[in-house]
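Here's the structure we're looking at; comments come further down.
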Amino acid sequence: MDLSDTPEEEEFRARLREWLAKTLPGLPPKPSPDDWPGRRAYDLGWQRRLHDAGYADVHWDASPATRLIFLEETEKAGAPYVGANFVGLLHAGPTIAAEGTDGQRARWLPPILRGEEVWCQGFSEPDAGSDLAALRTRAWRDGDDYVVTGAKIWTSHAEVADWCELLVRTDPEAPKHGGITWLAMPMDAPGITVRPLRTLAGSAEFAEVFLDEVRVPAGNRVGDENDGWRVTMVTLSFERGTAFAGEVVACRRILGELAVEARENGRWDDPALRRRLGRLHAEFRALWRLTQWNVSAAQASGGVPGAGGSVFKLRYSHARQELYDAAAEVLGADCLDLDRPWTLDRLSSLSYTIAAGTSQIQHSIIAERILGLPKGR
């Protein structure tokens, strides 16, 4: 298989590089990690620049090759990450594009692409653990609205979000996976209380969200009532299959920086460390090839990633932790200095085997849906 760029792809890569070189020096300073209103404005501003330059929908409508070129070049250039746009651009937006009505797509997709609205994810619950289908947040129909009561946790960017992709139980008598509905909830609706959660790394990009008889228009339901579990699998396919693709490029860059640091501080003389970095180099190259395969397979199957995304997510989350463990080895005692590069990233990497579905859940998906093994009892 010839993986080299076509003439059209070469032209896209060159044009993107030129635009990045002109645009990045003019960006405002990045706000403090604790300034989430400032980070929201910064991230939306970057998305608006992408929109105005014609790059906003590259995650949705571009070919697999173009999408991966975009990720490679923006990461290599040090462009801003999607940040607060993560859920809207990489989770909710693709789900609405795949499962929403024409009216829903017209209402919600353009503001995401223009950098006008932020989404958060209201899936996990305090008492459900890794069993997402055990959610208890209740919604019942009252005229043209659903009335929602319950609680969510680990709600990404809730404190600055305009909308929430929300899972609710609309039929408590149905089988566990059968009575769930996917709603788009406006975050300014009465009855919503948001309490930010501070992580081990000191940031507060997650929150608890409490819902007390919140009214959500029935027209905000994506998919049929009680068919939300199937719609959720579409969302999770994007989250696990393609949403982390840009981070693989970032990890490959960081690995190169670790090698430079090790040479400068003398730790390169340790053959065990060199072997470790070499193995990680091979690991991330393989993950990038898997990313290419997943994106191409999703395009061929109508745009929704398949169960192969669980293979990627499982291995990537562990490889990321191993990368930052190696960073601690390179830094030595300096790895305890929160002002040194990679230290906070190492703390945040601990969450990756939990976020987007725990490693245990990914093992089960791979066993059942790819290997054809029987379900556990």
Quick check for you: to the nearest 0.5 Å, what is the distance between [X] atom [atom1] and [Y] atom [atom2]?
X: Leu89; Y: Leu113; atom1: CG; atom2: CG; result: 7.0 Å
X: Arg40; Y: Glu117; atom1: CZ; atom2: CD; result: 8.5 Å
X: Lys176; Y: Leu135; atom1: NZ; atom2: CG; result: 10.0 Å
X: Arg17; Y: Lys76; atom1: CZ; atom2: NZ; result: 6.0 Å
X: Trp182; Y: Arg221; atom1: CH2; atom2: CZ; result: 12.5 Å
X: Leu258; Y: Glu329; atom1: CG; atom2: CD; result: 10.5 Å

Review point. Of Ile180, Thr181, Leu183, Asp171, which is the lone residue that meets side-chain contact (heavy atoms from CB on, under 4.5 Å) with Glu225?
Key: Thr181

**Study point:** Single hit among Asp145, Val148, Thr149 for side-chain contact (heavy atoms from CB on, under 4.5 Å) with Trp140
**Key:**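 Filter result, single survivor: Thr149.
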
Grab the two heavy atoms, one from [X] and one from [Y], that are nearest each other, plus how far apart they are.
X: Pro80; Y: Leu24; answer: CD-CD2, 4.0 Å
X: Gly88; Y: Pro94; answer: O-CD, 3.9 Å
X: Leu277; Y: Ala326; answer: CD2-CB, 4.1 Å
X: Val194; Y: Ala207; answer: CG1-CB, 3.7 Å
X: Ala189; Y: Val214; answer: CB-CG1, 3.7 Å
X: Val231; Y: Gly223; answer: CG2-CA, 4.2 Å

Check for a donor-acceptor pair, side chain of [X] on one end and backbone N or O of [Y] on the other, with a separation under 3.5 Å.
X: Glu125; Y: Arg136; value: yes
X: Asn85; Y: Asp43; value: yes
X: Lys152; Y: Gln121; value: no
X: Thr101; Y: Gln104; value: yes
X: Asp144; Y: Pro217; value: no
X: Asp162; Y: Val118; value: yes
X: Asp35; Y: Gly38; value: yes
X: Glu9; Y: Thr6; value: yes

Carboxylate-amine/guanidinium proximity below 4.0 Å for [X] and [Y]:
X: Arg267; Y: Asp270; result: no
X: Asp52; Y: Arg48; result: yes
X: Glu322; Y: Arg276; result: no
X: Arg274; Y: Asp269; result: no
X: Arg13; Y: Glu72; result: yes

Report yes if the side chains of [X] and [Y] come closer than 4.5 Å at any heavy-atom pair, otherwise no.
X: Ile254; Y: Tyr324; answer: yes
X: Leu255; Y: Leu323; answer: yes
X: Thr66; Y: Val58; answer: yes
X: Ile192; Y: Pro186; answer: no
X: Glu11; Y: Arg15; answer: yes
X: Thr155; Y: Glu208; answer: no

Check your understanding: Taking the six-membered ring for Trp, are Phe206 and Trp154 parallel (under 30°), tilted (30 to 60°) or perpendicular (over 60°)?
Key -> perpendicular

Exercise for review: Describe, in one word, how the ring planes of Trp163 and Trp108 are oriented to each other, choosing from parallel (under 30°), tilted (30 to 60°) and perpendicular (over 60°).
Suggested key: perpendicular

Using the rule that Ile, Leu, Val, Met, Phe, Trp and Tyr join whenever any side-chain heavy atoms are under 4.5 Å apart, tell me whether [X] and [Y] fall into a single cluster.
X: Val209; Y: Trp119; value: no
X: Trp229; Y: Phe123; value: yes
X: Phe210; Y: Ile153; value: no
X: Val222; Y: Leu90; value: yes
X: Val216; Y: Val147; value: no

Exercise for review: Quick one: do His157 and Trp36 satisfy ring pair (Phe, Tyr, Trp, His ring centres under 6.0 Å)? Show the steps, please.
Suggested key: CA-CA 8 Å; His157 309 312; Trp36 268 104; 4.9 Å; yes

Exercise for review: Under the side-chain hydrogen bond (donor to acceptor under 3.5 Å, both in side chains) rule, collect the residues that match up with Asp57, sequence neighbours excluded.
Suggested key: none

Point to revise | Audit row: Trp268, Val330, side-chain contact (heavy atoms from CB on, under 4.5 Å) steps and yes/no | key: CA-CA 8 Å; Trp268 189 255; Val330 169; over 6 Å; no

Review point. Who passes salt bridge (Lys or Arg N to Asp or Glu O under 4.0 Å) against Arg49, sequence neighbours left out?
Key: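 Partners of Arg49 under the salt bridge (Lys or Arg N to Asp or Glu O under 4.0 Å) test: none.
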
Point to revise | CA sep, side-chain torsions, deciding dist, call: Arg230, His177, side-chain contact (heavy atoms from CB on, under 4.5 Å) | key: CA-CA 9 Å; Arg230 183 191 62 80; His177 295 84; over 6 Å; no

Point to revise | CA sep, side-chain torsions, deciding dist, call: Arg285, Arg252, side-chain contact (heavy atoms from CB on, under 4.5 Å) | key: CA-CA 8 Å; Arg285 285 194 66 180; Arg252 295 178 70 182; 3.8 Å; yes

Study note, to complete from the structure: ring-ring contact (aromatic ring centres under 6.0 Å, His included) pairs touching residues 9-32, sequence neighbours excluded, are Phe12-Tyr55, Trp19-Trp46, Trp19-Tyr55

Practice item. Output, in order, the C-alpha distance, side-chain angles, deciding distance and verdict of side-chain contact (heavy atoms from CB on, under 4.5 Å) for Glu73 and Ile69. Key: CA-CA 6 Å; Glu73 295 301 327; Ile69 288 171; 4.2 Å; yes

Practice item. Would you indicate whether Arg253, at its atom CZ, is surrounded by more than 12 heavy atoms from other residues, nucleotides or ligands within a distance under 6.0 Å? Key: yes

Practice item. Taking atom CD of Glu213 as the centre, report whether more than 12 heavy atoms of other residues, nucleotides or ligands fall under 6.0 Å from it. Key: no

Point to revise | ring pair (Phe, Tyr, Trp, His ring centres under 6.0 Å) assessment of Phe86 paired with His91 | key: CA-CA 7 Å; Phe86 185 86; His91 298 182; 4.8 Å; yes

Check your understanding: Does Arg215 make a cation-pi contact with Tyr146, if we ask for NZ or CZ under 6.0 Å from the ring centre and within 45° of the axis?
Key ->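 Output no; distance or angle outside limits.
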
